[in-house]
Amino acid sequence: MNAGFRSQVAAVVERDLRRERRRGDVVWVTIPFGAMALFLLPLAIGVDTQLLQRIGPGMYWVVVMLFGVLVSVGRASIETGAQRDAVSLLGLDPAAAYVGRSMSAAGLLLVYEIVVGVVAVVLYNIEVIGFPWLVLTLVITAVGLGLLGSLAASLVSSSSAGSALVPLLVAPLSVPLLLGATQVYEGLRLGRSILPWMLLMVVVMLVTAIVGVGTARPLQET
Amino acid sequence: MPSEIRSRSWPWVAIGVSVAVALSLAIVSPADTVQGELVRIMYVHVPAAWLAYLAFTVTLVGSGGYLVTRRLSWDRVAASSAEIGVYFTGLAIGLGMIWAKPTWGVWWTWDARLTLTAVMFFVYVGYLALRNTADDSRVRAGRSAVLGILGAALIPLVHFSVVWWRTLHQPASLLRPDGPAIEDPLILWALLAGVVAFTVIYVALMVKRIELHQVADSIRDFERSADRPVAGASVTAPQLGGGLGDE
């Protein structure tokens, strides 16, 4: 990664984070929405505290995956064709733009995961075990979802269905991440090996990154 | 018989013959000692699942072909194959559910093979939905090609899920390194005939779908060009008048 590429990535991350500071989509919409979902779920399945403690981690990851997609949905609905044209005329490397968008999305998703995670621990009385591994899982999931979401947002940008299509594209592809994240917690709880699940998540993350970077230019040309 | 009629009727003849053979073998093959008559569902379920793999692999090839050559003919191959693949994946899932209820006692279970097949189905439903969002043929082709490549990562996952994870779904019966696991030759032949018949159906449907995509693209391009101003339309011819002789 050369200095030019790095500075372009940094510029895109800075732009996205500044936009989030101005609009507050994640802080004021996605995080409260995720917390509300965790609050509502027990009302539908019963308030057996032992059952909730058992299924709480799984519920948390489902909420992270489904509502975390909103970060990318917001991005797809904000960027107009004119903005994209202006950015490409400035000579921004499409791969750098993809990496920058994914990194900023991953950062925002990590904040979302931490806040909603605290809500899940409080509401479902979840036991926090294997702290360093859980942190690593949170980071890998945030990066993986950020990469997938940014790729989906690039695919639907300036199309008629636009942001409505992003969840349909991201949700099935994020299943390995969901499986990996839930099984890491189960493995830590039961004292099993978590390495295969970590490996699965890392492979998904890398494959998405390679496809995203490799197709950034063809996608910009469309 | 004129050559045009002959070329139009070959797909139907091929389908008719292969389906007739497959159906005959499916009827005359014996009932399974464990599954009983339910085994006959497998004569459609297994070929449908095979066709899903084949179709999505062709979508991968078509998507890659488009990104490399930028020829829309590759995109038509990818799109046609994905449409057929989605249909046959749905068929495989539906028939599997009908088989599972009397065998496992449930319509659905979160088995690795079943879950990943459903995920693959939704990925390609998303692929088809993505194609509907762009009017321009090249924009549509470029975007869907990316998803066509990414989605193909699920094909080996689905196939090897029964090997990599402990699943309720039985392991592969035909595509095994040590040969088919079916002992009764008639059951094996019935399955193979089903696979051949479905492959013939796939080829015939592909030919028709590619033709339809070609026509649809031509109509779309014509409609778009009709709305577009022709070259030089913005230039108005100089108005003559006010010459010397008019005064």
Nearest 0.5 Å, please: how far is CG in Leu168(A) from CG in Leu130(B)?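 Rounded to the nearest 0.5 Å, the CG-CG separation comes out at 9.5 Å.
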
Nearest-0.5 Å distance that lies between atom CG in Leu169(A) and atom CG in Leu150(B):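 One gets 10.0 Å once the value is rounded to the nearest 0.5 Å.
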
Using heavy atoms and a sub-4.5 Å threshold, report which of residues 209-216 of chain A line up against chain B, by residue number.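 When heavy atoms of chain B are the reference, residues 209-216 of chain A contributes Val211(A), Thr215(A) within the under-4.5 Å range.
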
Which residues from residues 190-199 of chain A are near chain B, with near meaning under 4.5 Å between non-hydrogen atoms?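 The stretch touches chain B at Trp197(A).
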
Tell me, for Leu151(A) versus chain B, whether the close heavy atoms (under 4.5 Å) come from the side chain, the backbone, both or neither.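 Side chain only.
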
Would one find more than 12 heavy atoms of other residues, nucleotides or ligands at under 6.0 Å from atom [atom1] of [X]?
{"X": "Trp133(A)", "atom1": "CH2", "answer": "no"}
{"X": "Phe122(B)", "atom1": "CZ", "answer": "no"}
{"X": "Arg189(A)", "atom1": "CZ", "answer": "yes"}
{"X": "Met65(A)", "atom1": "CE", "answer": "yes"}

Can you see which heavy atom on Leu67(B) is nearest to which on Pro218(A), and at what distance?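 That closest heavy-atom pairing would be CD2-CB, 4.1 Å.
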
Taking all heavy atoms of Ser154(A) and all of Arg143(B), pick out the closest pair and write down the distance. O-NE, 4.2 Å

Name the region of Arg140(B), side chain, backbone, both or neither, that has any atom closer than 4.5 Å to a heavy atom of chain A. neither

Between Asn132(B) and Leu165(A), does the side chain to side chain contact (heavy atoms under 4.5 Å, CB included) criterion hold? Intermediate values first, please. CA-CA 11 Å; Asn132(B) 283 332; Leu165(A) 195 55; over 6 Å; no

